[in-house]
Amino acid sequence: MVYEKYESSDFEKLIEVGKQSYTVLKEVGSHIKPGVRLVDIAKEVEAQLKEKNLTCSFPVNISANDNAAHYTPSFNDPRVFSDGDVVKLDIGGRSADYLSDLAITVDLSGEHGKLVEASEKALENAISIVKAGRKVSEIGKEINSTYAKYGINPIKNLGGHGIAKGELHAEPFIPNFDNDDDTELEEGDFIAIETFATEGEGYVIEGDYVQIFSMVREGQLRDAEHRKIMDFISKNYSTYPFAMRWLTEEFGSEFKVKSALNEMASKGMIDAYPVLVERSKGIVAQTEKSMIVERDSCTVTTE
Ligand code: CO
């Protein structure tokens, strides 16, 4: 797959989007408390991004406990945070094709401080060695050696990624352990490093819950209502991930939206992103920042 990479003339805008997104993450993250509805946190992120003239580069992920990623609230989602939850808030801002991708973990239980600290410290250490020519496996090794000091495991099938114009998850994959991948970062690369730390075995599998999708291509749909929904997706989200909730808010009926997505899925027009669950039910913490790779270091955009 060939992606259009960012150029140095794009960096100022990436830094602006990153900075604004970080303000939103910090502010809304502080509102995650027992009894608060997940859907209200998601809507608050969206509203605050909108105030800054940004949209979402992907639906707000609010994944708790052994859910590592891809939980976004449904339209009438009744879920509230409980006082035992370890919550990952993973958001992305977008202005045209300028993107950010960033996450924090909020431990409402007060019992997983070490796990959260391992994930934060691992990201900090990883960022400190980012530079042009750095192998992605060396970043993974740095992350995992930080985890080891805490007696915590990496999630081996999740990690960071390159970000390109119109493509949130571009190459290279940046692992949380030494995976022997000799791919080197290049000057000017825009990447997100995400450290997923767990008390479990360190492997995620797909769960049943699916609320996030992205359009792969347009195609022929028999139903006029379905076509309207497809056109809306294409116009508003292009190939970026979207939430079923957003469509239900626009079209009023979750049933109609599901029916359109089903037809699109059956024709290979959309990809689905089911919730990712730690296989051994281990609690997961995640920390993420976006950055521009430089010759001898990097510039973090999301702080
Ligand atoms: Co990411």
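Positions are given from 1 along the sequence. Indexing begins at 1, ligand by ligand and atom by atom, following the structure's order.
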State which residue, out of Thr301, Ile127, Asp189, fulfils the side-chain contact (heavy atoms from CB on, under 4.5 Å) condition with Met291.
-> Ile127
Taking the side chain as every heavy atom from C-beta outward, state whether His161 and Glu194 have any pair of such atoms under 4.5 Å apart.
-> yes
Counting backbone and side-chain atoms alike, does Asp90 have an N/O/S atom under 2.8 Å from the Co ion (ligand 1)?
-> no
Do the numbers put Lys156 on top of the ring of Phe177, so that NZ or CZ is under 6.0 Å from the six-membered ring centre and no more than 45° off the axis?
-> yes
Ring centroid separation for Phe58 and Tyr273, is it under 6.0 angstrom?
-> no
The N/O/S atom of Asp101 lying closest to the Co ion (ligand 1) is OD2
Is there side-chain contact between Val60 and Ile62, with at least one heavy-atom pair below 4.5 Å?
-> yes
Shortest-distance N, O or S atom of Glu194 relative to the Co ion (ligand 1) | OE2
For the Co ion (ligand 1), does an N/O/S atom of His161 lie at less than 2.8 Å?
-> yes
When you measure from the Co ion (ligand 1) to each N, O or S atom of Glu288, which atom gives the shortest distance?
-> OE2
